[in-house]
There are 2 protein chains.
Amino acid sequence: MSAVTSPLVWEHVQPAAARRLLTGAIDAFAERGFQATTTRDIASRAGMSPAALYVHYPSKERLLFEISLYGHRAALDVLRNADQGSSPADRLRGMISAFTAWHAEHHTIARVVQYELAALTPEHLAEVAAIRRAISSQLEQVLTDGIRDGSFAVSDLPGTTLAVLSLAIDVARWYTSHRGDPEALGTLYADLAHRMVQT
Amino acid sequence: MSAVTSPLVWEHVQPAAARRLLTGAIDAFAERGFQATTTRDIASRAGMSPAALYVHYPSKERLLFEISLYGHRAALDVLRNADQGSSPADRLRGMISAFTAWHAEHHTIARVVQYELAALTPEHLAEVAAIRRAISSQLEQVLTDGIRDGSFAVSDLPGTTLAVLSLAIDVARWYTSHRGDPEALGTLYADLAHRMVQT
DNA sequence: GTCTATACGTGGATAGAC
DNA sequence: GTCTATCCACGTATAGAC
């Protein structure tokens, strides 16, 4: 586990059976997508019958929501914890490095976070959308600070914020463990993001 | 329709009923995803009964494959046609501008192209994967030329090729028509991509 | 080439025993 | 809390008439 990416620990999910269902569902949703995943598939990954799933979760969608909510919170935490440094350039590099490495290191849950939003109920979607806005705001603030002190030159602030975020998010689509070290990727992406905005 | 993005014309799909099914399937797959789309949904968008679909296509997956194959070819064409200019910088800007604008302008089919690969049969996936490699090679060649003549400074060629491509591809995930003009987005992204690699 | 009707499998979720 | 058994709705695909 990297020093810059928050650990994804599931001890808080109790009992152990609920945790096995959750982690099995993450793998299944990431591999096949929510719609293609059956409750039988999730249950069998947890070593249970399909009926046992409903003791712990009221529906397949609720399982997705728990995963998506926890994943979004983890991603926001990673970004906020990395927002450190004496200059906007250092802060940006730290944030993009950590956020990118998180998407690589945790590409299974990141895939669920980034690509299964459409399967959430409107109420659940609204809840994770609020976290997504917070992620975007956190990045936009650094760019704003850099523009103000003259270290960044950005012609379109919302467009550039989205583009930089987008670069890191898309890692979840293509990354597999044989495609390199998450840390090295984070360093590369921090450099690319910095070059996108520097004066 | 933009001047730099190839038109997506469906006249070659005959008869008209097959064309209505194909375009209806693009919309449905883009909105809900392949797995969540029913043959009833596709047929009703084309004003037909579900059974009529099977006169024109042998399966739902085959419909996806036709869409994916045509979409991939269109994307490669756009990139190749935009690979013009007297310098690597001009060529890169033209390519990224056109490729990005295509993903915005045609975000429905682009979404199917970029996010429904897992639903293809292994044989069909292999066919589109070959086109994807050609797209990547086309971009890598420009970067290689720019490194050689000293106009680009790139520490990690495969990684940077993937990142630049990735930036444009992710447009298909978030773009909707109320998020600005595809041409303007293309221009912004061409600038960002150029800044990522320039000396 | 399109329809109605339907076969057949599958999937989310529940009932009730242990 | 987990099981086996099952309900019931839905989805892909086919049969056969027009």
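Heavy-atom basis, side chains included; hydrogens, waters and symmetry copies ignored. Proteins get letters first, then strands, A, B, ... in listed order; numbering begins at 1 in each. The structure presented is a predicted model; accordingly, all values stated were derived computationally and were not measured.
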In this structure, how many angstroms lie between the P atom of C:dT4 and the OH atom of B:Tyr54, rounded? 16 Å
Rounded to whole Å, the CG-C1' distance (B:Leu53 to D:dA13) equals 10 Å
For A:Arg40 and D:dC3, give me the distance from atom CZ to atom C1', rounded to whole Å. 14 Å
If you take the centroid of each ring, where Trp contributes its six-membered ring, are B:Tyr189 and B:His103 closer together than 6.0 Å? no
Looking at every strand, decide which applies to B:Pro15 at a 4.0 Å heavy-atom threshold: base, sugar-phosphate, or nothing. sugar-phosphate
Give the nucleotide from the list D:dA5, C:dG1, D:dT14 with an atom nearest to the side chain of A:Ala51. D:dA5
Taking for each residue the nucleotide of DNA chain C bearing the nearest heavy atom, is the 5' side occupied by A:Ala36 or by A:Pro58? A:Ala36
Rounded interatomic separation in angstrom, taking CD1 from B:Ile42 and P from C:dT2: 15 Å
Residues in ring-ring contact (aromatic ring centres under 6.0 Å, His included) contact with A:Tyr57, at least two apart in sequence or another chain: none
CG-CG distance between B:Leu92 and B:Asp145, expressed to the nearest 0.5 angstrom: 11.0 Å
How many Å lie between OH on A:Tyr57 and C1' on C:dG12, as a whole number? 17 Å
Roughly how many Å is it from CD in B:Gln35 to P in D:dG11, rounded to a whole number? 13 Å
Nearest to the side chain of A:His56, which nucleotide is it out of D:dT2, C:dA13, C:dT2? D:dT2
Counting heavy atoms from C-beta on, name the nucleotide in D:dC3, C:dA13, C:dT4 closest to the side chain of A:Ser49. D:dC3
note: A:Arg62, atom CZ; C:dG12, atom C1'; distance rounded to Å ~ 17 Å
Looking at the side chain of A:Met48, which of D:dA13, D:dT2, C:dC3 is the nearest nucleotide? D:dT2
Measure CG/A:Asp41 against P/C:dG11 and give the value in whole Å, please. 9 Å
Please determine which of A:Thr23, A:Ile26, A:Val113 meets the side-chain contact (heavy atoms from CB on, under 4.5 Å) test together with A:Ile67. A:Ile26
Can you say whether the rings of B:Phe34 and B:Phe29 are parallel (under 30°), tilted (30 to 60°) or perpendicular (over 60°)? tilted
Closest nucleotide among D:dT12, C:dT2, C:dT4 to the B:Thr38 side chain: D:dT12
